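This one's a predicted model, so the numbers in the text were calculated from it and none came from an experiment.
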Amino acid sequence: YKERTSGGSLGIRSGSYGSLDKQLQNGVLPIQVPSATKTKPFKTFKEKETFLHWICKFAGRKKVGLLLLCAISAAIFVWVLYLGKDEVQESYNVPIPKVNDSLPLNNSRSPLINGVQNIRINNLTYSPVDAEGSEVPPPPSYFLGYTLPAEHPCNTFTLPPPPADKKRTGPRPCPVCYLPVDEAVALMPKVPSFSPVLKNLTYIYEENLNKETEFGGSNFGGYPTLKQRDDSYDIRESMSVHCGFVKGTKPGHGTGFDIDNSDLLEMEQCHGVVVASAIFGAFDNMLQPKNISKYSEQTVCLYMFVDEETKSDLETEHGLNESKKIGLWRIVVAHNLPYANGRRNGTIPKFLLHRLFPNARFSLWIDGKLQLLVDPYQILERFLWRKNATFAISRHYIRFDVFEEAEANKAARKYDNASIDFQVDFYKKEGLTPYSEAKLPITSDVPEGCAIIREHVPISNLFTCLWFNEIDRFTSRDQLSFSTVRDRVAAKTNWTVNMFLDCERRNFVVQVFM
């Protein structure tokens with residue numbers, strides 16, 4: 001069970017501009033009160049009269065008025081300079097908090113403040129200027145991660161040794177330190193995570209498909225050439241790539257994998273967390289999630305994608321009313337499926353949820369054969385937010401090497417051998433090597449792809465688009481293409497994937513045989 005770590009978590013960094021700790025009390029800037037000092041007593045009327053008489057003696061009466069006017073003007077000028085100095089000094093005394101790299105927690109283990117780039121104190125905003133005096137726009141706000149308090153039990157949590165049960169062999173679940181649901185919800189980032197290099201991602205539409213490609217592709221995913229494929233791995237600030245749904249006005253509308261307008265409109269209303277699964281060809285039994293909090297039932301979108309055959313089977317077994325819900329699952333029927341193979345059709349919602357739910361922030365995908373056992377917010381907190389990651393997937397429980405995975409697929413007859421060999425040989429010519437400890441901190445080249453946890457930001461969206469494109473070009477065995485896509489994206493961006501233990505995945509999903 002022992003997990004190799006690839007680096008420490010971000011620490012808490014606090015700081016101030018000037019003397020913020022002394023100036024900023026209870027969130028309000030202090031008001032400076034002038035100190036009480038002794039002043040000279042006012043002169044008596046007689047003293048003033050003698051002084052005025054002395055002036056008039058040496059200066060003509062006509063010049064006295066002019067002198068008084070000059071004196072008043074000088075006094076006003078000095079007063080204006082004094083106020084201006086105070087205003088300038090006050091503007092530079094506005095404390096500017098530094099960005100917190102971590103999210104500190106109070107004694108009750110609930111969040112105090114999100115780790116957000118923000119330079120606003122109440123209604124006071126600092127506007128930096130450049131050398132020419134022009135106002136510089138503030139930097140965008142990003143989620144920068146957090147650390148749990150040192151005394152938090154999850155910081156000292158270690159996996160116990162596997163139970164000594166000789167009758168049970170093979171993989172099994174292991175304990176995971178989750179936060180309570182309410183604490184996990186409180187830690188949900190208020191702003192997106194940082195997307196390295198890539199900031200704007202759009203998708204290619206082709207009404208008239210150009211099928212002049214070297215090999216692979218489909219009417220649903222398009223037929224990108226190898227040159228276009230290479231270009232899609234040249235990560236830039238703005239990119240446009242193939243990502244399924246290449247025909248039609250928008251995903252699910254005349255594109256293949258078509259969805260009723262009423263369903264599409266409802267899917268667009270999901271702005272938070274999506275949990276999705278799919279069953280095609282009535283191949284699996286629909287399993288209801290367990291241990292889901294009332295808050296998640298009210299806020300999380302749980303969608304099950306099915307085809308006409310599965311819909312008919314569900315109507316017979318469970319009944320399907322106007323709400324289109326069976327238990328917690330909202331049923332969506334996909335029409336005009338683009339592939340003859342159910343596994344390939346399943347890759348559409350599996351990898352392209354950001355296209356089907358354009359306004360969602362986070363998603364959890366589970367294969368149709370699995371049952372969800374843990375609240376979605378707890379899963380997101382444990383594997384994404386606490387790790388400051390935007391993509392998480394478990395590694396295979398026994399295989400870490402793509403070449404070994406290919407041989408296992410051929411032995412199990414999961415795909416035709418010639419296609420598997422062609423794909424692996426292609427990757428080998430591009431530089432794929434067997435997995436070894438030399439690749440650390442990368443812990444595996446082979447994922448267990450039945451559960452995917454992700455945040456929908458440009459770089460993770462690009463990753464799943466490119467992964468889908470490899471599957472569309474080569475075999476549908478997604479474990480074979482994962483490391484190639486991951487490593488090529490990482491080479492340009494330093495972005496990587498949180499690959500957690502397979503036994504931890506088995507803690508929150510389970511395969512039920514019925």
Side-chain angles (χ1 to χ4, degrees), residues 5-13 98-105 111-119 138-148 179 183-202 235-239 241 243 270-275 299-301 351-355 357-365 376-394 441-442 451-467 485-486 489-500:
T5 58
S6 59
S9 58
L10 295 174
I12 300 176
R13 184 169 30 163
K98 291 185 178 180
V99 176
N100 282 335
D101 285 345
S102 302
L103 176 57
L105 304 181
L112 296 175
I113 184 172
N114 266 314
V116 178
Q117 289 188 355
N118 200 332
I119 49 180
S141 295
Y142 298 114
F143 175 67
L144 301 176
Y146 56 81
T147 54
L148 299 177
L179 295 187
E183 294 183 15
V185 170
L187 286 169
M188 183 175 179
K190 303 296 187 297
V191 291
S193 296
F194 180 70
S195 177
V197 182
L198 179 64
K199 301 297 182 289
N200 304 299
L201 180 64
T202 57
I235 315 299
R236 305 174 297 280
E237 183 174 352
S238 296
M239 297 179 64
V241 298
C243 193
C270 187
H271 291 266
V273 178
V274 176
V275 176
T299 60
V300 174
C301 307
F351 296 109
L352 306 182
L353 282 177
H354 62 286
R355 303 220 56 199
F357 296 88
N359 299 314
R361 295 185 58 204
F362 302 95
S363 65
L364 168 60
W365 165 266
Y377 288 105
Q378 292 178 294
I379 297 171
L380 288 166
E381 190 284 324
R382 171 61 183 84
F383 298 104
L384 279 192
W385 306 335
R386 200 187 306 176
K387 295 291 186 179
N388 197 17
T390 56
F391 194 98
I393 193 170
S394 68
I442 294 174
I452 296 175
I453 312 163
R454 54 182 291 224
E455 180 180 359
H456 296 188
V457 293
I459 193 65
S460 63
N461 293 342
L462 175 68
F463 173 72
T464 52
C465 287
L466 300 184
W467 194 1
V485 181
R486 177 201 62 191
V489 172
K492 292 285 187 177
T493 64
N494 202 32
W495 176 85
T496 190
V497 173
N498 175 26
M499 295 192 73
F500 53 92

How long is the gap from CD1 on Ile453 to CG on Leu364, to the nearest 0.5 Å? 6.0 Å
What one should report as the nearest heavy-atom pair of Ala184 and Glu381 is CB-CB, 3.9 Å
Under a 4.5 Å cut-off applied to non-hydrogen side-chain atoms, are Val241 and Leu201 in contact? yes
Is there a donor-acceptor pair under 3.5 Å between the side chain of Ser193 and the backbone N or O of Leu144? no
Quick one: does Pro196's side chain get under 4.5 Å of Asn494's, heavy atoms only? no
Can you find a heavy atom in the side chain of Leu179 that is under 4.5 Å from one in the side chain of Arg386? yes
Distance (rounded to the nearest 0.5 Å) between Phe143 CZ and Trp385 CH2: 8.5 Å
OG1 of Thr464 to CH2 of Trp365: how many Å apart, nearest 0.5 Å? 13.0 Å
Can you see whether Arg454 engages Asn461 through a side-chain donor-acceptor pair at a distance of less than 3.5 angstrom? yes
Please round to the nearest 0.5 Å and tell me the distance separating atom NE2 of His456 and atom CG of Asn359. 11.0 Å
Which value, rounded to the nearest 0.5 Å, describes the distance between Lys199 atom NZ and Ile459 atom CD1? 8.5 Å
Reported CD1-to-CZ distance for the pair Ile452 and Phe383, which is rounded to 0.5 angstrom: 14.5 Å
Tyr377 and Met188 have their tightest heavy-atom pair at CE2-SD, 3.9 Å
Under a 3.5 Å distance rule, please check whether Arg355 uses its side chain to pair with a backbone N or O of Cys243 as donor and acceptor. yes
Looking only at non-hydrogen atoms, find the nearest pair between Glu455 and Ala389 and report the distance. OE1-O, 4.4 Å
Quiz question: by atom type and distance under 3.5 Å, do the side chains of His354 and Ser363 form a donor-acceptor pair? no
If the test is ring pair (Phe, Tyr, Trp, His ring centres under 6.0 Å), which one of Phe463, Phe351, Phe500 qualifies with Phe391? Phe463
Determine whether Ile235 and Trp495 make a side-chain contact, defined as any pair of heavy atoms from C-beta on separated by less than 4.5 Å. no
Nearest non-hydrogen partners of Trp467 and Ile393, listed with the distance: CH2-CD1, 3.9 Å
Of all heavy-atom pairs linking Leu462 and Met239, the shortest is CD2-SD, 4.1 Å
Non-hydrogen atoms of Leu198 and Pro458 that approach each other most closely: CD2-O, 3.3 Å
